[in-house]
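In what follows, chains carry the letters A, B, and so on, assigned in the order in which the sequence lines appear, proteins first and then strands, with residues in each chain numbered from 1. All values reported here derive from a predicted model rather than from experimental measurement. Scope of the values below: all heavy atoms of this structure, side chains included, with no hydrogens, waters or symmetry mates.
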There are 2 protein chains.
Amino acid sequence: MTARTSPESARDIPEATVARLPVYLRALVTLSESGTVTCSSEELAVAAGVNSAKLRKDLSYLGSYGTRGVGYDVDYLRYQIAREIGVTQDWPVVIVGIGNLGQALANYSGFRSRGFRVVALLDANPDRHDEVVAGIDVRPFDHLEQIARDHAVAIGVIATPAVAAQDVADRMVACGITSILNFAPTVLNVPDQVDVRKVDLSIELQILAYHEQRKTHGAAG
Amino acid sequence: MTARTSPESARDIPEATVARLPVYLRALVTLSESGTVTCSSEELAVAAGVNSAKLRKDLSYLGSYGTRGVGYDVDYLRYQIAREIGVTQDWPVVIVGIGNLGQALANYSGFRSRGFRVVALLDANPDRHDEVVAGIDVRPFDHLEQIARDHAVAIGVIATPAVAAQDVADRMVACGITSILNFAPTVLNVPDQVDVRKVDLSIELQILAYHEQRKTHGAAG
DNA sequence: TCGGTTTTGTTCTCGCGTTCACAAACTCCT
DNA sequence: AGGAGTTTGTGAACGCGAGAACAAAACCGA
Ligand SMILES: NC(=O)c1ccc[n+]([C@@H]2O[C@H](COP(=O)([O-])OP(=O)(O)OC[C@H]3O[C@@H](n4cnc5c(N)ncnc54)[C@H](O)[C@@H]3O)[C@@H](O)[C@H]2O)c1
Ligand SMILES: NC(=O)c1ccc[n+]([C@@H]2O[C@H](COP(=O)([O-])OP(=O)(O)OC[C@H]3O[C@@H](n4cnc5c(N)ncnc54)[C@H](O)[C@@H]3O)[C@@H](O)[C@H]2O)c1
């Protein structure tokens with residue numbers, strides 16, 4: 001079972017590494033836009049805010065794309081990471097729940113530029129169906145099936161209230177969506193083959209509050 | 001160095017546990033609201049979407065708040081976790097950058113109900129200063145110092161474009177803010193005693209895309 | 001051509017987090 | 001009272017990830 005590096009793509013990239021690849025990618029884009037042609041692991045690590053040894057180990061899972069004594073070709077590495085993540089192709093995305101947060105997401109230009117294309121905005125509230133957000137019509141939630149089929153949507157975003165989230169997730173799964181980004185503060189039950197990532201702002205604040213309390217309160221008893 | 005459980009608060013809670021405590025807290029709130037008085041680690045674990053052994057170990061860091069053969073008193077445990085996290089008190093928060101995302105955050109009611117109070121909305125763009133978002137005036141960014149002092153603000157939220165984020169962070173740190181929640185897709189450099197948590201939606205989508213690519217592409221060579 | 005310099009790719013070790021498994025502790029029923 | 005049943009709290013084993021350290025490989029200059 002020698003861990004031979006395949007020229008096409010590495011077999012098995014650790015989750016922790018997968019989570020950092022987009023950070024490296026963004027750092028590389030910034031470097032590239034500033035005209036940098038080559039960078040060392042140390043430079044890239046600083047730009048990405050990580051340890052350089054960790055960066056090199058992460059990159060080694062993708063293959064051997066650097067040159068010893070020189071460093072990495074910024075554009076080449078950028079392409080390799082983008083290809084590994086899968087953002088060289090465009091991913092159609094649907095957003096469900098076009099309230100405060102859903103509208104902000106729809107208006108966010110950073111998705112498009114990173115390989116994601118919002119193909120539909122869906123909301124259960126008929127009052128919303130008149131609206132146009134970010135140049136896209138808000139459509140009834142019932143259209144999900146047809147849209148998912150027509151555009152081969154694999155990724156869905158849930159920005160509905162928590163109470164509706166499980167329902168929305170079930171419908172998404174039924175439509176063949178296998179990746180869900182969930183902003184509702186609730187635990188989603190989905191089949192094994194479906195990936196769910198949750199973004200929970202309250203939790204983030206609470207984690208900060210915990211540490212903050214420790215700082216000011218003086219942890220000593 | 002016997003790890004005796006102090007009645008006041010445990011010495012050292014692992015980061016992974018701290019990150020899950022808010023999840024447990026939310027599950028307990030839901031259970032409490034549904035009238036549940038007592039729950040077992042298994043029930044709570046299911047509600048929180050984790051393994052029950054992990055849940056018990058996590059709770060054991062706080063102290064011994066359960067009863068063997070019975071389970072946990074929902075309201076009691078809820079209070080203990082809230083106290084440990086620090087959300088029994090109110091935390092004043094400032095949001096900087098009242099664009100798409102900042103407005104959504106300001107309008108979000110879930111913060112208030114979880115112990116966070118938005119005391120100010122700040123934006124560098126003078127055009128925004130006429131606006132009132134969620135009943136709060138949008139004020140000039142320069143007011144940060146005074147507001148931070150007056151309200152003893154310890155937690156700041158950054159929702160500005162990436163290019164402005166480091167600047168905003170520096171100003172926050174100078175005002176005594178020691179916890180930052182950053183939505184801008186950039187690495188922030190701050191002193192050691194300052195905690196930064198980042199929420200990066202593009203990264204979440206890219207992680208989903210990676211796995212999605214693996215699913216459809218057929219990982220086998 | 002060859003030694004010196006630089007930087008990558010990888011090995012090794014350590015610590016943290018997860019999970020299993022079980023003794024201790026509590027309730028309930030007879 | 002005492003035994004059966006239940007559930008917590010924790011010791012131990014295991015696997016993964018972080019970081020230090022170093023050998024291999026490239027470049028450069030003489
Ligand atoms: N706004 C924020 O900054 C923020 C922050 C953290 C978490 N969240 C979470 O994100 C979610 C959305 O927040 P929001 O502030 O945008 O809420 P919102 O109430 O403004 O918007 C929710 C939208 O979902 C729609 N909806 C309701 N049920 C639906 C269903 N079954 N199918 C499709 N659409 C449905 C509603 O019509 C509404 O337009 C909530 O779960 C909230 O807890 C929001
Ligand atoms: N909108 C989203 O859904 C979304 C998603 C992911 C990430 N983000 C990130 O969140 C941030 C905000 O996104 P947005 O869509 O709200 O952008 P936006 O352009 O709508 O809003 C940014 C706001 O920040 C203000 N601002 C700019 N410089 C400032 C400064 N130095 N001090 C104070 N205020 C300043 C601007 O006046 C503007 O009101 C961006 O970094 C973006 O990449 C947004």
Anything under 3.5 Å between a protein N or O and an N or O of nucleotides 17-20 of chain D, put it in a table, one pair a line.
from, atom 1, to, atom 2, distance (Å)
D:dA18, OP1, A:Arg20, NH1, 2.8
D:dA18, OP2, A:Arg20, NH2, 2.9
D:dG19, OP2, A:Lys54, NZ, 3.2
D:dG19, O6, A:Lys57, NZ, 2.4

Query - For B:Tyr61 against B:Pro14, the heavy-atom pair lying closest together - result: CZ-CG, 3.7 Å
Query raised in the report: When you measure from the side chain of B:Ser40 to the backbone N and O of B:Glu43, does any donor-acceptor pair fall under 3.5 Å?
Result: yes
Query raised in the report: What are the residues of residues 22-35 of chain B, sorted by number, that bring a heavy atom to within less than 4.0 Å of DNA chain D?
Result: none
Query raised in the report: What residues form a side chain to side chain contact (heavy atoms under 4.5 Å, CB included) with A:Val118, not counting sequence neighbours?
Result: A:Ile95, A:Leu121, A:Ile136
Query raised in the report: B:Leu77 has an atom CG; how far is it from atom P of D:dT8, in whole Å?
Result: 11 Å
Query raised in the report: Counting N and O atoms only, with roles assigned by atom type, does the side chain of B:Lys198 sit under 3.5 Å from a partner on the main chain of B:Ala184, one being a donor and the other an acceptor?
Result: no
Report task. Tell me which residues in residues 39-48 of chain B put a heavy atom below 4.0 Å from DNA chain D, sorted by number, or none. Result -> B:Ser40, B:Ser41
Requested in this report: Consider only side-chain N and O atoms of B:His211 and A:Glu15, and report whether a donor and an acceptor are under 3.5 Å apart.
Outcome: yes
Report task. Using only heavy-atom distances, determine whether the side chains of B:Asp58 and B:Thr17 contain a donor-acceptor pair under 3.5 Å. Result -> yes
Query raised in the report: Do B:Asp195 and B:Ser179 have side-chain N/O donor and acceptor atoms under 3.5 Å apart?
Result: no
Please produce a list of atom pairs where a protein N or O lies less than 3.5 Å from an N or O of nucleotides 24-27 of chain C.
from, atom 1, to, atom 2, distance (Å)
C:dA24, N3, B:Arg68, NH1, 2.8
C:dC26, O4', B:Arg68, O, 3.3

Query - A:Arg78 side chain to A:Val74 backbone, donor-acceptor under 3.5 Å - result: no
Report task. Examine D:dT7: is either OP1 or OP2 under 4.0 Å from a nitrogen or oxygen in the side chain of B:Tyr65? Give yes or no. Result -> no
**Report entry** Electrostatic pair A:Glu84:B:Arg214 at N-O distance under 4.0 angstrom
**Finding:** yes
Query raised in the report: Within the side chain of A:Arg26, is there an N or O that forms a donor-acceptor pair under 3.5 Å with the backbone of B:Pro185?
Result: yes
Report task. Would you please name every residue forming a side chain to side chain contact (heavy atoms under 4.5 Å, CB included) with A:Asn51, sequence neighbours left out? Result -> A:Ala53, A:Lys54
**Report entry** Donor on one side chain, acceptor on other, B:Asp170 and B:Gln166, under 3.5 Å
**Finding:** yes
Query - Atom pair distance, as rounded to whole Å: CZ in A:Arg56 and C1' in C:dT10 - result: 10 Å
Query raised in the report: Roughly how many Å is it from CG in A:Leu55 to P in C:dT8, rounded to a whole number?
Result: 8 Å
Query raised in the report: Would you say the side-chain atoms of A:Arg83 and A:Thr88 include a donor-acceptor pair closer than 3.5 Å?
Result: no
